[in-house]
Amino acid sequence: MSKGPGRTEIVEKLVAVLEDMTQDWDLDFDAPLGEETRIVEDLGFESVDLMQLIVAVDQAMGTRNLPYDEVLMEDGSYVNEITVGRLATFVEKATAN
């Protein structure tokens with residue numbers, strides 16, 4: 001039974017994806033990206049950006065069809081904010097099998 005990537009590797013890949021996606025954006029966010037980084041509030045992501053992020057995460061992690069609704073929705077509604085850490089926890093659990 002294969003085990004998925006570790007948390008550190010997942011966070012590093014997510015940060016790399018986010019840095020790549022936002023490199024040409026005019027952001028007022030100067031802090032280094034990390035687990036506490038808020039994807040919507042800090043990086044200015046909109047719904048279309050989140051969809052592109054899902055595709056980019058799948059490519060970076062070598063996954064397909066992960067149940068992203070588990071991280072994007074809560075109690076039947078879209079969540080207002082997702083942190084890098086929350087996304088990393090989701091990817092870690094989803095790829096652990």
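Treat the numbers as computed from the prediction; the structure is a model and nothing was measured.
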Report task. Given side chain to side chain contact (heavy atoms under 4.5 Å, CB included), test Thr89 with Val71 step by step and report yes or no. Result -> CA-CA 9 Å; Thr89 297; Val71 74; over 6 Å; no

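With contacts defined as side-chain heavy-atom distances shorter than 4.5 Å, the pair Leu50/Tyr68 does not qualify. Within the 4.5 Å cutoff, no side-chain heavy atoms of Met61 are placed close to those of Val17. A heavy-atom distance below 4.5 Å is not found between the side chains of Leu33 and Asp42. The side-chain heavy atoms of Ile82 and Arg38, taken from C-beta on, include no pair separated by under 4.5 Å.
Nearest heavy atom pair, residue Leu18 against residue Phe45, reads CD2-CZ, 3.6 Å. For Leu27 against Thr22, the heavy-atom pair with the smallest separation is CD1-CB, 3.9 Å. Nearest heavy-atom pair across Leu66 and Ala94 is CD2-CB, 3.8 Å. When all heavy atoms of Ala56 and Met21 are compared, the closest pair comes out as CB-SD, 4.4 Å.
Judged by distance alone, with hydrogens and angles left aside, the side-chain atoms of Glu35 form no donor-acceptor pair with the main-chain N or O of Thr83 at under 3.5 Å. The backbone N or O of Gly6 lies less than 3.5 Å from no partner atom in the side chain of Glu92, so there is not a single donor-acceptor pair. For Asp49 (side chain) and Glu46 (main-chain N/O), a donor-acceptor pair under 3.5 Å exists by modelled atom type. For Arg7 (side chain) and Gly85 (main-chain N/O), a donor-acceptor pair under 3.5 Å exists by modelled atom type. In this structure, Glu70 contributes its side chain and Phe90 its backbone to no donor-acceptor pair below 3.5 Å.
Side-chain polar atoms of Asp58 and Thr63 form a donor-acceptor pair below 3.5 angstrom.
Grouping the Ile, Leu, Val, Met, Phe, Trp and Tyr side chains by contacts below 4.5 angstrom, directly or via other members, places Leu53 apart from Val40.
By the neighbour-count criterion of 12 heavy atoms within 6.0 Å, atom CZ of Phe29 is densely surrounded, having more than that number from other residues, nucleotides or ligands. The 12-atom threshold is not exceeded at CG of Asn80, counting heavy atoms of other residues, nucleotides or ligands nearer than 6.0 Å.
Tested against Val55, the residues Gln52, Met51, Gln59 include a single side-chain contact (heavy atoms from CB on, under 4.5 Å) partner, Gln59.
Between Glu74 and Arg86 there is a salt bridge, since at least one side-chain N of the basic residue sits less than 4.0 Å from a carboxylate O of the acidic one.
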